[in-house]
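Reckoned from all heavy atoms, side chains included, excluding hydrogens, waters and symmetry mates. A note on names: the letters A, B, ... follow the listed sequences, proteins ahead of strands, and every chain is numbered from 1.
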Amino acid sequence: MKLKDEISGKYVEIGNYSPNLKIYVCGPTVYDKPHLGHLRTYVAYDAMVKYMRHRGRSVFYLQNITDIDDKIINRALETGQDPLALSRKYTLDYMDAMKYAGVDSVNYYAMATHHIKDIIKQIKRLEKKGFTYTLPDGVYFRVWMLKNYGRLKHQSPEEQKTGARAKVAELKEDQRDFVLWKFKKEGEPSWRSPWGEGRPGWHIEDTAISLSFFGSRFDLHGAGRDLLFPHNEAELSIMTALKNSENVCPAWSYTGMLKINGEKMSKSLNNFIPVDDVMQKYSREEVRYAFLSSLYPTDLDFSWNMLEESRKNISYIRRSYEKLEKHSQKGASVDVGSYRELLYRNMDDDFNTRIAISILMELASEIMKANSLDSESANEAKKLFDDANTFLGIIPEQKEKGIPEQSVESLLKLRELLRKKKLYPESDAIREALKNAGIIMEDGGNGTEWRRE
RNA sequence: GGAUAGGUGGCAGAGAGGUGAUGCGUGGGACUGCAGAUCCCAUUUACUAGGGUUCAAAUCCCUACCUAUCCUCCA
């Protein structure tokens, strides 16, 4: 099982050090509603982790929630709310969004505000090693002490000139230095520390959490690509400084940005689609199918049509899945083993969910084309769909709610009688009524079949 | 300007030297009371442009053009 490490640009085997994998993924800053861009990233890591588990790895998947940050405070000030109440509200929204998308592989969500002690401990250790200095507004990290700052960003110190948005803080020793602890301002939430009342900087929140859970080594660090710099660069610096090692984590992976009309979907461009808006119209499976239909590291241009396509394809897969339940002893046999092998081979190759899905489509197509399947093939195919679904999560469960089966069967028989007497308006009325109740009737060559919507 | 990733059919989106990924859409046909679903056939010089390497290039190399992301807010 390999995955591309974006520091080296090379593929690394994951899970070779130990069968017990430790994975950390940067969570959101909860100051606004979750949007589809977040979902894209977390669905991708959800599928990866679930696939690893499916293939027998034990994974501890840790994710942080940044619930104290400038953005949260600013938003709270704008709207006259308590910052921590605001972040609590959006944390719950985020959890709802994850639940909707079927992202349930995370073992632990760590709130930054629950780890203030760890953060302070970590700053103390950095202080001892001489990596910190104090200014009137906070405690800073000394970047120049690390030769390889810029490693993740692939830029030499020469190239790290001040960017467009970089504020030049005259007092900082180096423009690249970042804040570890911010001193309290009027009306802001704060905690006690050896340096004075204040709150943590963004980057140290993540390293305090990841290292206090994982110790001196973990297997995979994931995030959206927009966090690569400065956030992950700073994380890497802190970890390097603390552990005297540049290899605390051997694999840094990134998800591509979700775009809309060719531009990144983001809060600052205000072109984002909140998860709420999609939740009403499309199912969990449809959204996952749409996202997993592209490769996780590439950008993906969102469109509503994408979700419509997903809907059709999922319906096709589900029909073929249902057909498997009607198999007979004799019939065509399908070489399910080769589908499974291809599926695993492509998932092992940097989690190619796009190919995985196309393999399932091909299997579905082969099933649909066959008049009947032998029971062994049918059982194996069913098992493959079930297995793939444990990590892809694109095949919906059959709903058993609504009108009982017996009632549907009786109405179906009644309709058959009416149709034989060519009383079509009456038979169509039954079909229409059942459709409104979530039952779809389809007349075929071998009589009428029905299914729940 | 710098770093990184790209440019593939009407559309979405894989592939990474050699047998048309997959899907959506469109056209035609089968089935059918209608609808729907399904099946069959077609959409067969698709790989930004120009050079180069090779028996063979969408894939490797060079040049140009274009796009996106980041360059201290962001998943």
Side-chain angles (χ1 to χ4, degrees), chain A residues 6 9 25-29 31-32 34-45 63 66 69-71 74 94 150 152-156 158-169 175-179 202-203 222-231 233-234 254-259 262-269 272 289-290 293-295 297-303 305-306 308-313 315-316 319-320 323 342 346 352-362 365 368-369 371 419 422-425 427-428 431-432 435 440-445 449 451:
Chain A
E6 303 249 1
V25 173
C26 288
T29 300
Y31 73 99
D32 204 342
H35 62 72
L36 289 182
H38 298 111
L39 222 53
R40 202 267 167 130
T41 290
Y42 300 118
V43 164
Y45 284 109
Q63 198 180 111
T66 299
D69 191 61
D70 291 4
K71 293 223 149 205
N74 291 341
Y94 175 71
L152 195 43
K153 195 189 176 193
H154 297 285
Q155 284 196 341
S156 65
E158 258 309 289
E159 290 161 345
Q160 295 169 23
K161 302 245 166 90
T162 309
R165 279 198 300 271
K167 280 178 280 176
V168 179
Q175 281 173 23
R176 301 171 300 170
D177 293 348
F178 52 86
V179 71
W202 181 27
H203 316 308
R225 196 174 294 283
D226 51 355
L227 296 190
L228 193 148
F229 191 89
H231 184 53
E233 190 76 53
Y254 291 92
T255 56
M257 292 293 102
L258 188 68
K259 300 195 288 184
E263 271 190 320
K264 178 183 163 190
M265 187 180 285
S266 72
K267 289 170 191 167
S268 42
L269 286 171
F272 65 92
Y289 187 103
S293 285
S294 65
L295 301 181
T298 62
D299 290 350
L300 174 66
D301 214 334
F302 174 82
S303 69
N305 191 46
M306 193 164 100
E308 286 297 321
E309 274 187 35
S310 301
R311 176 166 288 178
K312 284 170 190 160
N313 291 334
S315 154
Y316 187 81
R319 273 155 191 280
S320 86
K323 190 175 169 179
L342 262 177
N346 282 283
N352 195 326
T353 52
R354 170 65 267 184
I355 296 283
I357 287 173
S358 70
I359 288 163
L360 294 185
M361 285 302 289
E362 283 184 62
S365 169
M368 292 299 263
K369 280 170 194 167
N371 287 326
R419 285 183 71 213
K422 301 201 185 213
L423 296 168
Y424 294 123
S427 72
D428 287 353
R431 186 170 66 192
E432 188 61 24
K435 192 188 173 196
I440 308 285
M441 293 215 151
E442 286 167 350
D443 303 324
E449 296 195 353
R451 61 191 170 85

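Side-chain proximity of K264(A) to C70(B), A14(B), C40(B): nearest is C70(B). With C34(B), U38(B), U69(B) as the candidates, the nucleotide lying closest to the side chain of R431(A) is C34(B). Side-chain proximity of K267(A) to A75(B), U22(B), G33(B): nearest is A75(B). Considering only the side chain of M368(A), C39(B) comes nearest among C39(B), A21(B), U72(B).
Under 4.0 angstrom from either OP1 or OP2 of A3(B) there lies no side-chain N or O belonging to H154(A). One finds no side-chain N or O of S358(A) lying less than 4.0 angstrom from the OP1 or OP2 phosphate oxygen of G15(B). K312(A) has no side-chain polar atom (N or O) that falls below the 4.0 Å cut-off from OP1 or OP2 of A37(B). An OP1 or OP2 oxygen of G13(B) is reached within less than 4.0 angstrom by no side-chain nitrogen or oxygen of Y289(A). Listed pair N305(A) / C11(B) fails the phosphate criterion, with no side-chain N or O lying under 4.0 Å from OP1 or OP2. OP1 and OP2 of A35(B) both lie 4.0 Å or more from every side-chain N or O belonging to K435(A). Put simply, N352(A) has a side-chain N or O that comes within less than 4.0 Å of OP1 or OP2 on G15(B). OP1 and OP2 of U72(B) both lie 4.0 Å or more from every side-chain N or O belonging to K153(A).
If you measure from atom OH of Y316(A) to atom P of C24(B), you get 8 Å, rounded to the nearest angstrom. The CD atom of E442(A) sits 18 Å away from the P atom of C31(B) (whole-angstrom rounding). Residue E6(A) contributes atom CD, which lies 12 Å from atom C1' of U69(B) at whole-angstrom precision. For I357(A) and C24(B), the CD1 to P distance is 13 Å, given to the nearest whole Å.
Rounded to the nearest Å, the gap between the P atom of G29(B) and that of A35(B) is 14 Å. Spacing of P atoms, G33(B) relative to C40(B), comes out at 22 Å, to the nearest Å. Between G17(B) and G10(B), the two C1' atoms lie 29 Å apart (nearest whole Å). Rounded to the nearest Å, the gap between the P atom of A42(B) and that of U22(B) is 13 Å. Between U63(B) and C55(B), the distance separating the two P atoms is 24 Å to the nearest Å. Taking atom P in both A58(B) and G25(B), one finds a spacing of 30 Å when rounded to whole Å. Taking atom P in both U26(B) and U32(B), the straight-line distance is 24 Å, to the nearest Å. Distance noted for atom P between G15(B) and G9(B): 16 Å (whole Å).
Toward the 5′ end of RNA chain B lies the nearest nucleotide of E263(A), the other residue of the pair E263(A) and F178(A) mapping further downstream. Between L300(A) and I440(A), the residue anchored closer to the 5' end of RNA chain B is L300(A), taking for each the nucleotide with the nearest heavy atom.
Relative orientation of the H35(A) and H38(A) rings is tilted, given thresholds of 30° and 60° on the angle between their planes. H203(A) and F178(A) have perpendicular rings, their planes meeting at more than 60° on a 0 to 90° scale where under 30° would count as parallel.
Within the nucleic acid shown, R419(A) comes within 4.0 Å of at least one base atom, counting heavy atoms only. Residue contacts for S315(A): at a heavy-atom cut-off of 4.0 Å it reaches no nucleic acid atom on any strand shown. Within 4.0 Å of D70(A), counting heavy atoms only, lies no atom of the nucleic acid at all. Heavy atoms of H35(A) sit under 4.0 angstrom from at least one base atom.
At a cut-off of 3.5 angstrom, counting only N and O atoms as typed in the model, there is a donor on one side and an acceptor on the other between the side-chain of D428(A) and the base of G33(B).
Checking side-chain atoms of S365(A) against main-chain N and O of M361(A) turns up no donor-acceptor pair under 3.5 Å. A donor-acceptor contact shorter than 3.5 Å links the side chain of E233(A) to the backbone of L152(A).
To the nearest 0.5 Å, atoms CG (L258(A)) and CG (D299(A)) are separated by 9.0 Å.
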